[in-house]
Amino acid sequence: MADHRQDPHRQNLPGQDPHRYDPQEIEPRWQAVWAKEKTWEVTNDPFDGKSSYILVMLPYPSGEPHIGHLKVYTVGDAIAHFHRRRGERVLNPMGYDAFGLPAENHAIATGVHPRDSTAASIAAFRRQFRRWGVSIDWSRELATNDPAYYRWTQWIFLELLRAGLAYKKEAAVNWCPVDATVLANEQVVNGRCERCGAEVETRQLDQWLFRTTAYAQRLLDDLDTIDWPEHVKTMQRNWIGRSEGALVTFRSEDDPDVGYEVFTTRPDTLFGATFFVMAPEHPDVLRLAAGGPHEAEVREYVERAHHAPNSERSAAERPKTGVPLGRNVINPVNGEAIPIWVADYVLISYGTGAIMAVPGHDERDHAFAEVYGLPIRRVIDGPGGLPYSGDGPLVNSHPDFDGLPNREALTRIIAWLARDGRGERSINYRLRDWLVSRQRYWGCPIPVVYCEDCGLVPVPVDQLPVVLPDIEDYAPHGRSPLAAAEDWVATTCPACGGPARRETDTMDTFVDSSWYFLRYCDPHNDEAAWDPEALRRWMPVDQYIGGIEHAILHLMYARFFTKALADLGHLDFQEPFSALFTQGMITRDGAKMSKSRGNVVSPGPLVERYGVDTARAYILFIGPPDQDADWSDEGLEGVHRFLGRLWRLSAEAADPSRDEDSGGGAPGGDTGARDGLPAELAGADLELVRKAHWAIDKVTHDMDGRFAFNTAIAAVMELTNDCSRLRDSVSGGAMRFALETAASLVFPFAPHTATDAFHLLTGRRVWEEPWPVADERMLETDTFELVCQVMGKLRDRVQAPSSATPDELEALALAAPNVRHHIDGREIAKVVVVPGKLVNVVVR
RNA sequence: GCGGGCGUGGUGGAAUUGGUAGACACGCCGGCCUUAGGAGCCGGUGGGCGAAAGCCCUUGGGGGUUCGAGUCCCUUCGCCCGCACCA
């Protein structure tokens, strides 16, 4: 049949061609509709169907959003759209983690108040998110530096204080000399400040801490109840670091009333303990050394350890050093007097800060004993020399235990010690309490005051928020910049009305972000942090999405908050995030993007040139979203071509000037089917409609419970390619159905293009349409390609009826020419038939 | 050292429970259309042999289980990530 249609591509001068794909026109047009109609806003009103909370980690607003933001919000948006189209009410909010050091450092450098630079950044982020067409419920937007928000951060602090879960104590803390602030354990990486890279020092300061350790076991156990990536759970388990063992008391030789506890995972080796070691920070070290022969040496050693950079201390390969204190303790299992040493290979932060040293069966103790010529004793038999850390029978220990397998001896020795109070079974955790004090300005004020008469007094809840004052000098001077704001610091005691001074430390920003997901549920509540009823609508979060860099800190803190608030009666669930997805990084030329490398891809210019749909769809198409992916400009062009082709085909098919009955398919025209499909499909029409149903099935499965956006997009590409290939052979109805399906399926990834194409074809709004459902009958075919193997090797393919029995399939395969050729008169030993798939002939 | 993950064409990546390896896309080659094209469309593209039919090889290396292995098991090499003197 002659094609008398005009080829639109022959007249594609910009501005004149109605069939030119123009994302710069399409995208803002639909964004305006969504903004005007508040399409993505949801209420907390009762809802009959399922409600879903799809949450992407809130951004830290600094400068402009980068390509990583585009990726994570694109992933979140695809999931949110998919759930909405399946009839769920979806909460997809947005906020800003707006307190923090970078804004303050920027202020120190430029003099711009952090409040102003942060506000500018938030405005830039908001503008970009809108330009990206992300389906956010803007009515719930929040920023953690807003007094209306941090008022409730302070309330939570007071709740934790009331419960004894927040406390103040003088502690050896990590001090960053460059940022002039205390760091959490978690912010120290290889002995260096996570942020600025400076060597971290140790200081003794009065600090606020949250009692995370009280939740160690529950934080560990409840990991089994949530659907998180296994590697994230593993990282949390390692961080919590549970060890089973015993606490054993070693008494002073000079004073039997004084005892020193050690934690050991190997009480079976107690008989091999030949010395005792304390960490330099152990509070008894200097007292024990006083008056002894090594007093001066010990003093010097402790002093040096105190000032040594942490990175130096923590190098495991470094030679062991230490000094004897000149005193002994008694080994509780055999009464032997063994010398106490101080050595920096023992850490104050783990266990009791003191250890029993068993050089025969511990590598570190062995290395130390070698250096100082201390006795080394074998108490576990085993192959090879010492140190030996494997299992075996006890030797040289005690008549009751010698010969016993060490694991059994371990249990018995604990029981034996426990009988008269020399020791007990114990569990030790690596997890430390969370140090939340920061000697910085740009953070949430800690709502307590210090009164000369009443001491530490919490600010009453009705006086919250304690508002962060404006100051001029943000530079850290070893105390919080707030301390210089005398008008603010000087206050009256809420208890007695006398003079009092405010706490000048601020909170770690991780505190702000440990509960924001709760506030989204009820963001404008002035009476309380939230209405429990509002939380019941949404919490826990059904799908949390964010970067792997938060695998430990943020996710652990948010879990701790949830458990603590649940215990205080404020929440009725134990875990905040039922499911977690961590997206991979976008690299370029195999490396992380950075200004210094000059390999940064900025979303701004990208969106300007190709439209955001191309950028979004490409980011999802590039590979599995949980993996790192390398950016390619050529790959981006490919996705742009695909979206353009889909849109043009749709515009063309929708064009009323087109002859409806062109093409070689079955007679067109409306026959009652909703999409104008002919009642009886045949030929190319049937092929294309089948392909559309195949795509529905494929995309649905790739989205449902998986995050296989890349293969989902590939399926829509296949469908679109078939539309293009069959454009001259199918009826208008079949073509429109296939294109409408393609647009509908690609909507979660390229919402503007999909919306526009769908609207051109149907006049309807795709986001108001239910997600398409594949017709089972369209997924079945009358015949299939039977794979014929001989000895497991592919030899032929033949068409077989779908209804064929295994015997019939076997007969078909055996009749296939190339199968016969390869059997070649040999004896058939066995025939394996996989119905619907293949036949494998085994010959002798 | 401990824990987790990954090795597939020239490239990014596909391959529900073991069942046609290389979907889709990039790149490359050839063609069409065009005054032109950095627009659009069509065809080809893992390697080797062959005119073709077809045959052989191929998922980091080696071995095993199986009618059949990218997928399961053992072993080995390489890379990435987390923790790391954790007693």
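Just so you know, these numbers come straight off a predicted model, no measurement behind them. Computed from heavy atoms alone, side chains included, the values below leave out hydrogens, waters and symmetry copies.
Separation of atoms CD (A:Gln236) and CD1 (A:Ile240) is listed at 6.0 Å; rounding is to 0.5 Å. A distance of 10.5 Å separates OG1 of A:Thr249 from CZ of A:Arg422, quoted to the nearest 0.5 Å.
Not counting sequence neighbours, the partners of A:Thr753 by the side-chain hydrogen bond (donor to acceptor under 3.5 Å, both in side chains) test are A:Tyr21, A:Asp613. Residues that satisfy the side chain to side chain contact (heavy atoms under 4.5 Å, CB included) test with A:Thr265, not counting sequence neighbours, are A:Ser243, A:Phe263. A:Asp268 pairs by the salt bridge (charged side-chain N to carboxylate O under 4.0 Å, His left out) definition with A:Arg266, not counting sequence neighbours.
Heavy atoms of A:Ile622 sit under 4.0 angstrom from primed sugar atoms or phosphate atoms, though from no base atom. The residue A:Glu230 sits apart from the nucleic acid: no heavy atom pair falls under 4.0 Å. Within the 4.0 angstrom heavy-atom criterion, only backbone atoms of the sugar-phosphate kind lie near A:Asn721; the bases stay farther away. A:Arg609 comes within 4.0 angstrom of a base, heavy atoms only.
One interatomic measurement links the two molecules: CZ of A:Phe276 to C1' of B:A87, which rounds to 12 Å at whole-angstrom precision. At whole-Å resolution of the value, CD1 in A:Ile586 and P in B:G12 are 16 Å apart. Rounded to whole angstrom, the span from the CG atom of A:Asp630 across to the C1' atom of B:C26 amounts to 13 Å. Atom NE2 of A:His366 and atom P of B:G1 are 19 Å apart (whole Å). Rounded to whole angstrom, the span from the OH atom of A:Tyr618 across to the P atom of B:A25 amounts to 14 Å. In this structure, A:Lys837 atom NZ and B:G18 atom C1' are separated by 11 Å, rounded to whole Å. Taking atom CZ of residue A:Phe707 and atom P of nucleotide B:G13, one finds them 19 Å apart after rounding to whole Å. A:Tyr345 places its OH atom 8 Å from the C1' atom of B:A87, with the value rounded to the nearest Å.
Under a 3.5 Å cut-off, the side chain of A:Lys71 and the backbone N or O of A:Gly584 do form a donor-acceptor pair. Panel note: side chain A:Arg645, backbone A:Thr720; no donor-acceptor pair is recorded below 3.5 Å. Of the possible donor and acceptor atoms, one in the side chain of A:Asn331 sits under 3.5 Å from a partner among the backbone N and O of A:Leu270.
Taking atom C1' in both B:U65 and B:G13, the straight-line distance is 30 Å, to the nearest Å. B:C42 sits 11 Å from B:A25 when the P atoms are compared, rounded to a whole Å. Going from the P atom of B:G4 to that of B:C73 covers 14 Å, rounded to whole Å. For the P atoms, the distance linking B:A87 with B:U76 amounts to 27 Å, nearest Å. Look at the P atom in both B:C33 and B:A21: the space between them is 39 Å, to the nearest Å. Remark: the separation of the P atoms in B:C26 and B:G43 is 14 Å, to the nearest Å. To the nearest whole angstrom, the two C1' atoms, one in B:U71 and one in B:C6, are 15 Å apart. Straight-line distance between the C1' atoms of B:G9 and B:C77: roughly 22 Å, to the nearest whole Å.
For A:Glu637, the CD atom counts as densely surrounded, since its 6.0 Å shell holds more than 12 non-hydrogen atoms of other residues, nucleotides or ligands. Annotation: A:Arg820, atom CZ; neighbour count of heavy atoms from other residues, nucleotides and ligands within 6.0 Å does not exceed 12.
Taking the six-membered ring where tryptophan is involved, the planes of A:Tyr372 and A:Phe368 are tilted, since the angle between them lies from 30° to 60°.
Under the Watson-Crick or G-U wobble criterion, with both distances below 3.5 Å, B:G3 is paired with B:C81. The pairing partner recorded for B:G68 is none, the criterion being a Watson-Crick or G-U wobble arrangement whose two distances lie under 3.5 angstrom. Remark: B:A87 base-pairs with no nucleotide; criterion is Watson-Crick or G-U wobble with both hydrogen-bond distances under 3.5 Å. B:G27 and B:U45 make up a base pair, with Watson-Crick or G-U wobble contacts both under 3.5 Å. The partner of B:G40, taking Watson-Crick or G-U wobble pairs whose two distances both stay under 3.5 Å, is B:C32. When both pairing distances are held under 3.5 Å, B:A51 makes no Watson-Crick or G-U pair with any nucleotide shown.
Comparing B:C57, B:G13, B:C24 by their closest approach to the side chain of A:Lys793 singles out B:C57. Relative to the side chain of A:Val834, the nucleotides B:A87, B:G82, B:G19 differ in distance, and B:G19 lies closest. Side-chain proximity of A:Arg430 to B:G19, B:A84, B:C24: nearest is B:A84. With distances taken from any side-chain atom of A:Thr265 to the nucleotides B:A87, B:A15, B:C85, the minimum falls on B:A87. In this structure, the nucleotide among B:A87, B:U16, B:G4 sitting nearest to the side chain of A:Arg706 is B:U16.
The glycosidic torsion of B:G5 lies more than 90° away from 0, which places this base in the anti conformation.
Sequence order on RNA chain B of the closest nucleotides to A:Lys698 and A:Glu634 puts A:Lys698 first from the 5' end.
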Exercise. For the pair A:Asp628 and A:Lys592, evaluate salt bridge (charged side-chain N to carboxylate O under 4.0 Å, His left out) and give the outcome as yes or no after the intermediate values.
Key: CA-CA 10 Å; A:Asp628 289 352; A:Lys592 194 172 173 172; over 6 Å; no
Quiz item: Given A:Tyr260 and A:Thr352, is the side chain to side chain donor-acceptor pair (under 3.5 Å) satisfied, shown in steps?
Solution: CA-CA 9 Å; A:Tyr260 298 101; A:Thr352 62; over 6 Å; no
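For the pair A:Asn710 and B:A14, the criterion of a side-chain N or O lying under 4.0 Å from OP1 or OP2 is met. For B:G4, the OP1/OP2 oxygens have no side-chain nitrogen or oxygen of A:Arg237 closer than 4.0 Å. Contact between the side-chain N/O atoms of A:Thr711 and the OP1/OP2 oxygens of B:G13 is not found at any separation under 4.0 Å. Contact between the side-chain N/O atoms of A:Ser724 and the OP1/OP2 oxygens of B:C42 is found at a separation under 4.0 Å.
For RNA chain B, the neighbouring residues in residues 638-646 of chain A, judged by any heavy atom under 4.0 Å, are A:Gly638, A:Arg641, A:Arg645.
Checked against the 6.0 Å centroid threshold, A:Tyr610 and A:Tyr618 do not count as a close aromatic pair.
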Detail all sub-3.5 Å separations between protein N/O atoms and N/O atoms belonging to nucleotides 52-55 of chain B.
from	atom 1	to	atom 2	distance (Å)
B:C55	OP1	A:Arg795	NH1	3.2
B:C55	OP1	A:Asn818	ND2	3.0
B:C55	OP1	A:His822	NE2	2.6

List every contact pair, protein side and nucleotides 65-70 of chain B side both N or O, where the distance is under 3.5 Å.
from	atom 1	to	atom 2	distance (Å)
B:C67	O2'	A:Asn840	ND2	3.2
B:C67	O2	A:Asn840	ND2	2.6

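Of the listed residues (A:Arg318, A:Lys320, A:Arg304), just one forms a salt bridge (charged side-chain N to carboxylate O under 4.0 Å, His left out) with A:Asp344, and that residue is A:Arg318.
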